[in-house]
Protein chains: 2
Amino acid sequence: MALQRPQTKEKKIPDQTGIRQVAKRAGVGIGSVSRVFSGAAGVSDQMRARVLRAAEIVGYSPNMLAQALRRQKTQSVGFVVSDIANPLVSSIIHGAEAVLSAAGYSLLLTNSGGEPAVDARRIRLLQQRRVDGLILLPAVEDDPAMLAALGASGIPLVVIDRSLPDSIEARYVYSDHYTGVGQAARHLLELGHRSLGVIVGLDVRPSRERIRAVTDAYRERKMKPKFLVDAGPLSAEHGAATMKRWLSAPNPPTAVILGGNQLLVGALETIRSRNLRLGRDLSLVVCDDVPLGRLFDPPISTVMRDTDLMGQTAARFLLDAISQPEQAASIAVLPTWYVPRVSCGAPVTR
Amino acid sequence: MALQRPQTKEKKIPDQTGIRQVAKRAGVGIGSVSRVFSGAAGVSDQMRARVLRAAEIVGYSPNMLAQALRRQKTQSVGFVVSDIANPLVSSIIHGAEAVLSAAGYSLLLTNSGGEPAVDARRIRLLQQRRVDGLILLPAVEDDPAMLAALGASGIPLVVIDRSLPDSIEARYVYSDHYTGVGQAARHLLELGHRSLGVIVGLDVRPSRERIRAVTDAYRERKMKPKFLVDAGPLSAEHGAATMKRWLSAPNPPTAVILGGNQLLVGALETIRSRNLRLGRDLSLVVCDDVPLGRLFDPPISTVMRDTDLMGQTAARFLLDAISQPEQAASIAVLPTWYVPRVSCGAPVTR
DNA sequence: TTGAAAGCGCTACCAC
DNA sequence: GTGGTAGCGCTTTCAA
């Protein structure tokens, strides 16, 4: 009736070294071994030495799976993002991972590809894996399946750049898109532009904030906020298509704000193919830095932010939430700032 | 003597829904519930329905931790990289994650920051988490601690763009850096360049292959392979510093191959500050695509590769290794190709 | 301080 | 087909 070991195919597998092997080897109780390895108080030096030596010999190290099952704590957190390959996102992940692993947590990373349904599935999967907390950068803010999954579990939650309904208990890490884009819009209006174009993503917080920022910039100058808005995927293709559409229209915008760095490549392609000179024939601002942006000819005006810091902040929030679930949920708003460059100039007067 | 529940702070926590609650609710045996949820054969439709309904009511979903402990299989793999934030790396991760999650595996991602010692520690941590396999993109190829950790466990292993000693049983996913860089070097030599400069990273496979490729390109033309080599961090700062050094030397190279895309920003800065015109005063090739590379003025010659595919391939190799540990270890060599652009031109004759 | 024993939630064997 | 049961490797009481 012994448990049948899963087909140990006479491969090397170092003979499943468990706590009881160590206990037997050291001639002590199984509990003592546990105490030594979990650093519990009340273990004699002598015991510690014996156990450690025995463990050394048999090559033991604790099975975190069993620990997690018993302790009801996995020391792991799940991170669901919509696009790992986006440098912005990977920088956020980088920041979060650094903080988490320093705190002894492992990161379960999963990609939803921007599909709300996948977001929801991944969240449930991570819950089944009993992660201690969750960081989310979901595609949309109101997917019912996602909200249901989140609501059903009391797992600590940090959401990045998205705003979920109040019914979901979560902490938030926002970028202050309003300020950065506002600065950009004001700059463009001061230069004399009157018809701006703004490309944003789906109806998520950053998109709303950016539109609000441009609107308010117009209003500040007592101008009617009349500008073009395009909402779509923040991809190069979409950037190219939208620019093409706008530039072919009867009254094309004289300045465009791109709400995502992936749009830039596409937009520049269209601009190039039309032989327009940036900063003269058309002004351009991109949100989020692109490696060659400032070396480009002409250098591209950019709304910057510290994405690594966003990840760090999210991780810290999550660690707080895990250790003090009682504490009021909190919100961090991290700065963005506008760096004007030559891609923005006065519009051609005709 | 009941297990003391970890301080259920009268928060919501949905009352730890376990398999036996479902069994009781459905009035069936605990084993039947297990069978239903693990999709085992030999369960009557009636039983399945009863169990599923009961599970629905109490809101049950299997605890993967317990499953993993019992099955000796976590359905998770570890991925250790040196820099998540590098777009190249995150693209590899993207590819791997897609394949793994489609196969029902979760990804434990961890960053070593390029520190060999951290690589080794992370590997050990993942082993304690009992991952079913490991994908590695380590900083160096010969760190003793890393090799020891790897050797001590029989965990299936896939290594990307690094070549470990034969003593480690692993599968490999390589990029064919030799071909791409070879094409670039030949192009430059054909253009008339005689003194190339090559910037590579540490002594790892890609660096060696790139140097070998340039060497062979010289030899093909019966020329003595006399070119500058710089080995260092593949960072923008290092790119700038090396270019500065080379361009200040008595006989500066007339063409430079950058062995990593992060070098490009730095190199271009130096070039710009010296008022050199790419393709005329200096020719430049970068390994690995940079978003604005082809739109740059002038467009930058690039050695391309499909990093997403590398990740996919690594994941597939790992899944193979997990399901058939016996099978001979294998190697994949994925193509790289050179895309000549205006940044390469004939050297100025003087 | 230490050992024994119960049990975390599950799977897989056994007998019916 | 189905239920009972042992045990995955560990932590944490309780008694000594």
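Just so it is clear, the values below take in all heavy atoms, side chains as well, and ignore hydrogens, waters and symmetry mates. Quantities reported herein were computed from a predicted structural model and do not represent experimental measurements.
- Rounded to whole angstrom, the span from the CG atom of A:Leu65 across to the P atom of C:dT11 amounts to 13 Å.
- Between B:Lys73 atom NZ and C:dA12 atom C1' there is a gap of 17 Å when expressed in whole angstrom units.
- If you measure from atom CD1 of B:Ile19 to atom P of C:dC8, you get 13 Å, rounded to the nearest angstrom.
- One finds no side-chain N or O of B:Gln21 lying less than 4.0 angstrom from the OP1 or OP2 phosphate oxygen of C:dG9.
- Checking D:dC10, C:dA12, D:dC8 against the side-chain heavy atoms of B:Leu69 singles out D:dC8 as nearest.
- Across the interface with DNA chain D, nearest-nucleotide mapping of B:Gly29 and A:Ser61 shows B:Gly29 to be the residue nearer the 5′ end.
- Using a 4.5 Å heavy-atom cutoff, the side chains of B:Arg25 and B:Ile57 are in contact.
- Here C:dC10 is the nucleotide among D:dT12, C:dC10, C:dT11 with the atom lying nearest to any side-chain atom of B:Arg20.
- A close approach under 4.0 Å does occur between a side-chain nitrogen or oxygen of B:Ser32 and OP1 or OP2 of D:dG3.
- Two rings, from B:Tyr60 and B:Phe37, have their centers less than 6.0 Å apart.
- Counting non-hydrogen atoms under 4.0 angstrom, B:Ile30 reaches a base of the nucleic acid.
- For residues 138-167 of chain A, every residue pair satisfying the salt bridge (charged side-chain N to carboxylate O under 4.0 Å, His left out) rule, not counting sequence neighbours, is listed here: A:Glu141-A:Arg208, A:Asp161-A:Arg305.
- Of the residues in residues 34-49 of chain B, those with a non-hydrogen atom less than 4.0 angstrom from any atom of DNA chain C are B:Ser34, B:Arg35.
- Rounded to an integer number of Å, the gap from B:Arg130 CZ to C:dC10 C1' is 18 Å.
- We find that CD of A:Gln75 is positioned 15 Å from C1' of D:dC10, with the value rounded to whole Å.
- Proximity of B:Gln67 to the phosphate of C:dG9: no side-chain N or O atom is located under 4.0 Å from OP1 or OP2.
- In this structure the side chain of A:Leu137 reaches within 4.5 angstrom of the side chain of A:Val89, judged on heavy atoms.
- Atom CZ in A:Arg71 sits roughly 15 Å away from atom C1' in D:dT13 (whole-Å rounding).
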